[in-house]
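Only one structure is covered here, and it is reproduced in the block below.
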Number of protein chains: 2
Amino acid sequence: MMDTNKRESTGFLIKQRAFLKLYIITNIENGRWYGLKLLDELKKEFKPLGFEPQHSEVYRALHELEDEEEILTKGKVKVAGAKRKEVVVYKIKDHEKAQAYKKLVKTDLDRCVKLLQKALKDNF
Amino acid sequence: MMDTNKRESTGFLIKQRAFLKLYIITNIENGRWYGLKLLDELKKEFKPLGFEPQHSEVYRALHELEDEEEILTKGKVKVAGAKRKEVVVYKIKDHEKAQAYKKLVKTDLDRCVKLLQKALKDNF
DNA sequence: GCATGAACATCGTGTTCATTT
DNA sequence: AAATGAACACGATGTTCATGC
């Protein structure tokens with residue numbers, strides 16, 4: 001009976017996946033990147049804050065940005081710098097959708113900051 | 001062979017459980033509360049920010065604060081206001097541990113705020 | 001119905017394995 | 001080894017069920 005079993009979110013904090021997608025879009029807006037290069041960059045950025053994402057999560061984010069959000073397209077490119085002959089690079093396919101997605105995430109980030117700051121105010 | 005299979009955390013954002021424990025401790029410091037009453041209070045507080053915790057999560061937090069953190073003790077109390085004859089109320093058992101736990105959570109909340117604000121700065 | 005608790009189900013994501021270069 | 005991807009496994013938490021007032 002088309003039982004659309006969608007599990008409800010209680011709306012706590014933003015998911016890592018969305019957080020990474022945001023960074024990935026911004027990074028790709030500024031140039032060509034491929035999976036592991038993005039991961040390196042992200043790890044370097046977040047390590048001082050105790051967050052170290054995994055490679056699989058970056059790949060999942062990339063795949064979804066391509067197949068579900070339809071924001072990115074991929075292509076293979078021969079890269080001299082990389083050890084591998086071919087590398088999967090992404091570029092923005094739909095700038096409108098990219099901006100729309102980023103806007104959504106921004107709204108949620110703002111909400112999350114409020115939630116955390118409220119906790120700091122209420123308990124300390 | 002005592003294979004301590006601890007799954008690594010990548011250190012993204014704070015877990016709902018810890019977030020709720022913090023609020024529960026503070027609420028109990030300020031008076032007597034029982035599970036569903038706490039839930040009501042928390043839901044009311046967070047609903048404007050789109051977060052609505054579930055009853056089971058509050059109970060799990062209470063149980064862990066009693067059995068694992070050993071911060072709370074429980075007792076049953078007959079309450080006139082409630083429909084039920086007896087209700088499970090908690091009070092602080094170890095104020096030292098309570099403060100220590102809150103301090104830990106505060107550190108993590110501060111870190112999380114930084115992570116989110118960094119994302120806002122880096123992507124917008 | 002209110003209150004508590006546990007059992008069950010599932011999403012998000014960490015870990016491991018496979019494949020290619 | 002670097003890179004990509006998928007399979008597998010498990011923790012966190014949402015949902016449902018059981019029990020007693």
Side-chain angles (χ1 to χ4, degrees), chain A residues 3-21 24 32-43 46 51-68 72 74-90, chain B residues 3-21 24 32-43 46 50-68 72 74-90 108:
Chain A
D3 194 350
T4 305
N5 261 337
K6 242 303 206 178
R7 193 193 203 182
E8 282 292 314
S9 163
T10 52
F12 188 49
L13 298 176
I14 190 172
K15 297 290 180 292
Q16 182 186 168
R17 184 84 43 91
F19 186 90
L20 291 181
K21 282 177 180 172
I24 288 172
R32 296 299 172 85
W33 297 86
Y34 63 95
L36 280 204
K37 208 71 184 169
L38 281 163
L39 180 66
D40 279 351
E41 180 67 17
L42 295 173
K43 278 191 175 176
F46 301 133
F51 171 42
E52 197 160 5
Q54 302 290 320
H55 81 276
S56 47
E57 196 53 27
V58 168
Y59 285 122
R60 282 188 284 246
L62 283 167
H63 298 337
E64 286 188 12
L65 283 171
E66 189 194 1
D67 299 333
E68 294 177 30
L72 302 180
K74 79 171 148 215
K76 289 173 191 259
V77 159
K78 298 186 203 306
V79 176
K83 307 299 182 298
R84 210 187 202 196
K85 304 277 169 51
E86 283 193 333
V87 136
V88 182
V89 290
Y90 290 84
Chain B
D3 195 348
T4 305
N5 260 336
K6 243 305 208 178
R7 194 190 206 188
E8 282 294 313
S9 163
T10 52
F12 188 49
L13 298 176
I14 189 171
K15 298 289 180 295
Q16 183 187 167
R17 185 83 46 91
F19 186 89
L20 291 182
K21 281 177 181 172
I24 288 172
R32 297 299 171 85
W33 296 87
Y34 62 96
L36 280 204
K37 208 70 185 172
L38 280 163
L39 180 67
D40 280 352
E41 180 67 16
L42 295 172
K43 279 191 173 173
F46 301 133
F51 171 42
E52 198 159 5
Q54 302 290 322
H55 81 275
S56 47
E57 196 53 27
V58 169
Y59 284 123
R60 282 188 283 245
L62 283 167
H63 297 339
E64 287 189 11
L65 284 172
E66 190 195 358
D67 299 333
E68 295 178 28
L72 302 180
K74 81 172 146 213
K76 291 176 190 252
V77 159
K78 298 185 203 307
V79 176
K83 306 298 182 300
R84 211 188 204 200
K85 306 276 168 56
E86 282 194 331
V87 136
V88 181
V89 291
Y90 290 84
D108 203 30

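A, B, ... follow the sequence lines: proteins, then strands. Residue 1 opens every chain.
Taking atom CG on B/Leu39 and atom P on C/dA3, their separation rounds to 10 Å, with Å as the unit. At whole-Å resolution of the value, CG in B/Leu13 and P in C/dG12 are 15 Å apart. Whole-Å rounding puts the A/Glu52 CD to C/dT13 P distance at 16 Å. C/dT4 atom P lies 11 Å from atom CD of B/Glu86, rounded to whole Å. When rounded to the nearest whole Å, the span between CD of B/Glu66 and P of C/dT4 equals 13 Å. Note: CD (B/Glu8) to P (D/dG11) measures 13 Å, nearest angstrom. Between A/Leu20 atom CG and C/dT13 atom P the separation is 8 Å, expressed in whole Å. The separation between B/Leu38 atom CG and C/dC2 atom P is 17 Å, rounded to whole Å.
DNA chain D is contacted by both B/Gln16 and A/Asp40; A/Asp40 maps to the nucleotide lying nearer its 5′ end (nearest heavy atom per residue). Both A/Gly11 and A/Gly35 sit near DNA chain D, but only A/Gly35 has its closest nucleotide nearer the 5' end.
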Atom pairs, protein N/O to nucleotides 5-7 of chain C N/O, distance under 3.5 Å:
residue: C/dG5; atom: O6; partner: B/His55; partner atom: NE2; Å: 2.9

Listing, residues 12-21 of chain A side-chain donor-acceptor contacts under 3.5 Å, not counting sequence neighbours, or none:
residue: A/Arg17; atom: NE; partner: A/Glu57; partner atom: OE2; Å: 2.5
residue: A/Arg17; atom: NH1; partner: A/Glu64; partner atom: OE2; Å: 2.6
residue: A/Arg17; atom: NH2; partner: A/Glu57; partner atom: OE2; Å: 3.4
residue: A/Lys21; atom: NZ; partner: A/Glu64; partner atom: OE1; Å: 2.6
residue: A/Lys21; atom: NZ; partner: A/Glu69; partner atom: OE1; Å: 3.0

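Relative ring orientation between A/Tyr59 and A/His63 is described as parallel, the plane-to-plane angle staying below 30° on a 0-90° scale split at 30° and 60°.
At a cut-off of 3.5 angstrom, counting only N and O atoms as typed in the model, there is a donor on one side and an acceptor on the other between the side-chain of A/Arg7 and the base of D/dT13.
Which of D/dT15, C/dG12, D/dT4 sits closest to the side chain of B/Gln54 comes down to D/dT15.
Of the inter-residue distances, the one linking A/Leu36 atom CG with A/Lys43 atom NZ reads 9.0 Å to the nearest 0.5 angstrom. Considering NZ of A/Lys76 and CD of A/Glu86, their distance stands at 6.0 Å, rounded to 0.5 Å. Between the CG atom in A/Leu72 and the CG atom in A/Asp67 there is a gap of 10.0 Å [rounded to 0.5 Å]. Between B/Glu52 atom CD and B/Leu39 atom CG the span is 8.5 Å, to the nearest 0.5 Å.
Shown here is B/Lys37, whose NZ atom has no more than 12 heavy atoms of other residues, nucleotides or ligands within 6.0 Å.
Across all non-hydrogen atoms, the minimal contact from A/Pro53 to A/Leu42 is CG-CB, 4.3 Å.
Stem regions for DNA chain C, each three or more consecutive Watson-Crick or G-U pairs with both distances under 3.5 Å and listed by first number, read C:1-21 with D:1-21.
Within the 4.0 Å cut-off from OP1 or OP2 of D/dA3, at least one side-chain nitrogen or oxygen of A/Tyr34 is found.
When side chains are defined from C-beta on, A/Val88 does not count as touching A/Leu62, because their heavy atoms never get closer than 4.5 Å.
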